[in-house]
Amino acid sequence: MAEWGEARKSSLLGKYTQRLSGPQKVTGQAKYTFDINRPGMLYGRILRSHIPRGTLTALDLSPAQQMPGVKAAIPLIEVGKEIRYEGQEIAAVAADTKDIAADAIRAIRFDYDPLDHVVDLGESMSESSPQIRDWENNQSDRQIDEKGDLQAGWTTADAVVEATYSTEVQVHTCLESHGHVAEWDGDQLTVWASTQAVFGTRRDFARHFELPEDKVRVITEHMGGGFGSKFGPGVEGQAAAKLAKETGQPVKLMLTRKGEQNTAGNRPSMVQHVKAGATKEGKLVAYEVSGYGTSGLGGGAGFTGPYVYQVPNYRTEKFNVAINAGSGRAFRAPRHPQGAFAMDSLMDELAEKIGMDSLEFRKLNDPNEIRHAEYDRGAEEIGWNRRQKVAGSAPGIQKRGIGVGSGQWGGGGGKGTKARVNINSDGTVEAVTGTQDLGTGIRTAIAIIVADELGLQPTDITVKIGDTLPGLPSGGSGGSQTTPSVAPVVKTAAMAAKESLINHLAEKVNVVADEVVIKEGSVTIGNNQLSWKEAASTLGMETISEEGSWDENLREGGAAGAQFAEVEVDTETGQVKLIKIVAVQDCGLIINRLATESQINGGVIGGIGYALLEDRIMDGQTGRSLNSNLIDYKVAGAQEIPEIRAIAHDTDRKVTGIGEPVTIPTAGAIANAVYNAIGVRVRSLPITPDKVLTALEEA
Amino acid sequence: MQGASCVEPIDWVEVWLSNRGDPAHLHLSKDGCRIHIRYLVQEVCPTSRLVIQGGQMAEDTTRSTDQPEDRQKDLHQVNKTGLSRRNFLKGLGTGAVAATVAPATLAEADSHSATTGAEITRATVKLSINQQVYQIEVEPRTTLLTVLRDGIDTGGQRIDLTGAKEVCDRGACGGCTILVDGRSVYSCMMLAIDAEGKEITTVEGLADDNELHPVQEAFIEHDALMCGFCTPGFVVASKAILDQNPNPTREEIQAELSGNICRCGTYPFIFEAVASAAKKMK
Amino acid sequence: MEKFSYINPARLEQVPGLLKDDWQSKVIAGGTDLLGEMKDYIESPKRLINLKSIPGLDQISADDGGLTIGAMATLTDITEHSEIQKNYTALAEAAGVVASPQIRNVGTLGGNLCQRPRCWYYRDPDTDCLKKGGNMCYALSGLNKYNAIFGGGPNYIVHPSDTAPALVALGAEVTILGAGGQRTIPLENFFILPTVANPYRENILEPNEIITQIHLPKPIANTTSFYIKLRERSSFDFALVSIAGVFQTQGKKCQDLSLILGGVAPAPWRSNEAEQVLRGQVISDDLGERAGKAAVKNADPMSDNAYKVTLTQNLVKRAAVMAVS
């Protein structure tokens, strides 16, 4: 059983290491799928429906096919089938240039018989709504979770809060849109994919084209963001490969921004009717939620709850409501931000009602010791004692407030990754595995682990990932699972490679292995010291190549986090200005502190967008999204960013993942800070000026 | 052109010829009881939806097209959702409009303007990019970003400067930021034909003899990048800041980077990196 | 975008003739708005007349009569111009908060004044809204959070320009070149509200006319001006409500003023009501409050934008108080 051992004494683990891909990325040399230009490559483009619902009655590709420069046009839906949302794929073309491809899809003719659509949740649930999914009243089966005796809980409650909290549909908005470059060589398919799962994508391509998996190669050298939305080829990938097959030329098909926003996933919305009770001593005793949300035509809308805090008696009920819109997909901590925002708001409301400090109240109901420490650390850092004792009591027009939110994530990883470490006779070291780097920094983390084991520097390690060709599979990068899944196997591969080298050297000079010490770029054998290069050169024609194995003991799940926000609300304009956010996050054993802090910043900033800005707008009249672009869909920009204190909270735990947990507590913390500032609660995200002003007026 | 007894236009009328809801302007004139179309924007797709605006004139024209009443209604049919009904095959189709329409050629348009100025439909431009001159044939609609990323020069070489990224394609995210005569611009919103005679610098042109620009170094040091897709745009925009203002405050850095979006959320370290590069450059 | 042909005129006088009067030709300056529309096929002009090929249109020059700004001066040129910063502060501030640095480096003053609305129905390529020749204003019956509270109907767009309210407040005149030569009119009269007969345009320009320059009168002593823009997102966003104020004051007394609102109406919106309350009066918080209330007396909000009434009221008050503090 391997151990991280004296990890904290390591000169690399837990220290600040620059990203290996940095030089390529800052010079524009990093080639993303979007940047792949193959000889003879064509440009693919998808014609999408501009209507939300209708039956396709005619489709004529010939005007496109006849255009000069157009090499192929294929249908993506059969005549007679139902179009079910704006953006649904109708057809695709491949052409010599992007502009011709754009012209070509406009030349394609199609017609439809319109069918009634619905994009509003309330409308969709009503009797009069058109049936748009195979669910009664467009509602999925209720998912019910119960514990304890709710009735008994209510009787012991001294204070009860009833409120409705709602959260918006958030769109992933990956800057590199979904897409592929597909190239056939006989029956061999090579795909450059913007994906979070090269092996999963390979499998899906193989199945779709009925190929053996070994005939498909998927490459993702660099990748421009996924956040949970990029786990397979999708219709666009299939279309790219099909167009490439039909034309005999490589085809690049990247989604347009509009296609990306409308069809490539989103975080489902949620409306939670919550009733909760606590005793005057500060114990949660009852919690009841009925919640529903939309994932477009898909499922997956939900919330986690009761969130983080222990309630002996509860009942939660949740269901999906179908609307004619693109389906939701996993999005950074699925179901958690929805649950956390409601729970964190609720905890504040209850604490106020029983006259207890919100943080005190939380601690009384939060069983997680690590988070208790995080509360203390964060409270100190934000200056919790500066919080308005009575919400909204500060004088003046611009009022400041402070709030707290909490988060919890599993993220322990799992077995399934194969990894290999090679030591070549020229001293170069390769670490090979089938994971992929979406920007999380796993490439650098792998180099750190191997370098740490071999006494080298991360830059000495060539990390080969994002390619199925070496046949060393790894899972998709999602759920904060990548590092805890990959790190143990890489670690044990490096250990095995090191052991092999030691054995080889010991054998070579005829000493026992114990006399060979590899450290800090050199190898000591008894009294002799060799440089790493010299030692490796003794391999001659050999290469050391060792696979690692899964080791349960090297990873751990369950990352607790707490965040604090200070805001300034302008009561005349409704604008919420962020002053500071403190994020205290249990990160387990940190491999790269620099990338970890980046990840925390990133989670917080995603949470800022969720709390204050982002909202997909669907128009009931047309059934179309009104803001499927980057002007009207507002993600946080440079001027939205407050001071952020990213605190990687060190614990004695093993390697874990933190991609998800860091984005969970932000919205609750901000919402609570807004309340603390103005004394009026906005229970609907995003908290935009119109909502703040309306809430103030209604108060 | 059919219906050739051309008379002076008595009024202008806009006709929205729509395929996927995209308007095109047609210029109509009336001769007796029928219309014809003088300048056709593009090949008329007979299956497109035709919506005529312009009050009384529209009425005149529709009457004059000899279309059956019900077909006219179909033209304007709006379903309860407010969506104009697209008419395909069975709609306007090969009826009256198609019969009166014939494609006007560009040559005709050219002849109209020959006396006033050269009308360019394709051009070979010389672009100075990162101090290298590229000769490339473009259409007026070709954007500078398209040239950088997908352009092939007249010698058949790909320009292949893919550092500038296409993200929003509407001048809203900064992914395609480059320098034109030293100022940051969105290359997705600049026509290549307009870039002739200007000094274009992309992220690939910032490093000097393989020595990184201080901004690039600082971005690496401060981990001012994650997925890196927005990074070239931020690096270029940051260089532009420091060229104008060697001592920016954090607020100034934020304001000057407000035209760039990072979805991974690397902003705090970007601000640090720019401040640190500013110090280094002194 | 659709194909188009491109013309580089050498002289300004050629432009009206090149434009003809058929709406198929358009001028292109910075192109940051026009190209966006063309990419979304909202506009598909057959020919573009490039104003950048004409020398001298971007000059900014001070003279005895005031300041003349060429229509092709970029927003960055204006923001950085010391005379404008000093004497026409509202304009410098307004130009400085347009969109983003990259847009301001390319976008021109003329383009900013002539930019098309941001209403999401108008910008949706597939919605045939009234502004694009359709038969209804979708905002009226739909989602209108960002739409007009003044002067709306038959469509309810808001004019998106930041420089327009500032320039109108500063008493700018605009010079227009057409086939029949030049004319100069107050900029305030340049912008028009939609009508049933013509819901399509936001200004009086005929298809063969262009803006060539803006002229600002000499600043009057004891006058301050400013521009405040409220937006949902600080980075790169259009105004929810903005205000350009020009105040001639003596101590706390407001001798004369001009208050122009942005983001609330299909054209820059002069708040005569607020001006009347403040003109000739000593400004106090109370008076500011009254001016704010007066400003929104005739507001006519829709289903989602009543908050703009509050916002406008508070902003007018803030502007008044700020002018004397």
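Values below: every heavy atom of this structure, side chains too, minus hydrogens, waters and symmetry copies. Within every chain, numbering begins at 1; the chains are lettered A, B, ... in the order of the sequence lines, protein sequences first and strands thereafter.
Remark: the backbone N or O of C:Ile49 is not paired with any side-chain donor or acceptor of C:Lys26 at under 3.5 angstrom.
Interface with chain C: from residues 191-199 of chain B, residues B:Leu191, B:Ile193, B:Asp194 qualify, criterion being any non-hydrogen pair under 4.5 Å.
Across all their heavy atoms, B:Gly175 and B:Val167 have their closest contact at CA-CG2, 4.3 Å.
Contacts between C:Ile28 and chain B at a heavy-atom distance below 4.5 Å involve the side chain alone, from C-beta outward. For C:Ser234, no part lies near chain B; criterion is any non-hydrogen pair under 4.5 Å. When heavy atoms are compared at a cutoff of 4.5 Å, B:Thr142 does not approach chain C at all. If you measure heavy-atom distances from B:Glu256 to chain C, the contacts under 4.5 Å come from both the backbone and the side chain. Looking at B:Ile241, neither its backbone nor its side chain comes within 4.5 Å of chain C, counting heavy atoms on both sides. Contact annotation for B:Thr177: only side-chain heavy atoms (C-beta onward) come within less than 4.5 Å of a heavy atom of chain C. Heavy atoms closer than 4.5 Å to chain B are found nowhere in C:Asp124, neither backbone nor side chain.
For B:Glu119 and C:Arg47, the salt-bridge test passes: some basic side-chain N is under 4.0 Å from an acidic carboxylate O. The pair B:Arg149-B:Asp169 does not meet the salt-bridge criterion, since no charged nitrogen lies less than 4.0 angstrom from a carboxylate oxygen. Electrostatic pairing of C:Lys229 and C:Asp162 counts as a salt bridge here, judged by a charged N lying under 4.0 Å from a carboxylate O.
The CG atom of C:Asp40 lies 11.5 Å from the CG atom of C:Leu35; values are rounded to the nearest 0.5 Å. For the atom pair CG (C:Asn112) and OG (C:Ser161), the distance works out to 3.5 Å, reported to the nearest 0.5 Å.
Most heavy-atom pairs under 4.5 Å with chain C: of the set B:Ala240, B:Ala237, B:Cys188, B:Ala123, this distinction falls to B:Cys188. The most heavy-atom pairs under 4.5 Å with chain B, out of C:Lys39, C:Arg104, C:Arg233, come from C:Lys39. When each of C:Gly31, C:Gly30, C:Ala197, C:Gly36 is scored by its heavy-atom pairs under 4.5 Å with chain B, the top score falls to C:Gly36.
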For B:Ile178 and B:Val185: C-alpha separation, side-chain torsions, deciding distance, then whether side chain to side chain contact (heavy atoms under 4.5 Å, CB included) applies. CA-CA 6 Å; B:Ile178 59 166; B:Val185 309; 3.8 Å; yes
Steps toward salt bridge (charged side-chain N to carboxylate O under 4.0 Å, His left out) verdict (C:Arg201, C:Glu206): CA-CA 10 Å; C:Arg201 289 189 271 160; C:Glu206 292 298 322; 3.7 Å; yes
As a quick check of understanding, evaluate side chain to side chain contact (heavy atoms under 4.5 Å, CB included) for B:Lys239 and B:Val236, giving each step before the final call. CA-CA 5 Å; B:Lys239 181 193 184 287; B:Val236 172; 5.7 Å; no
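Classified by interplanar angle (parallel below 30°, tilted 30° to 60°, perpendicular above 60°), the ring pair C:Phe236/B:Tyr186 is parallel.
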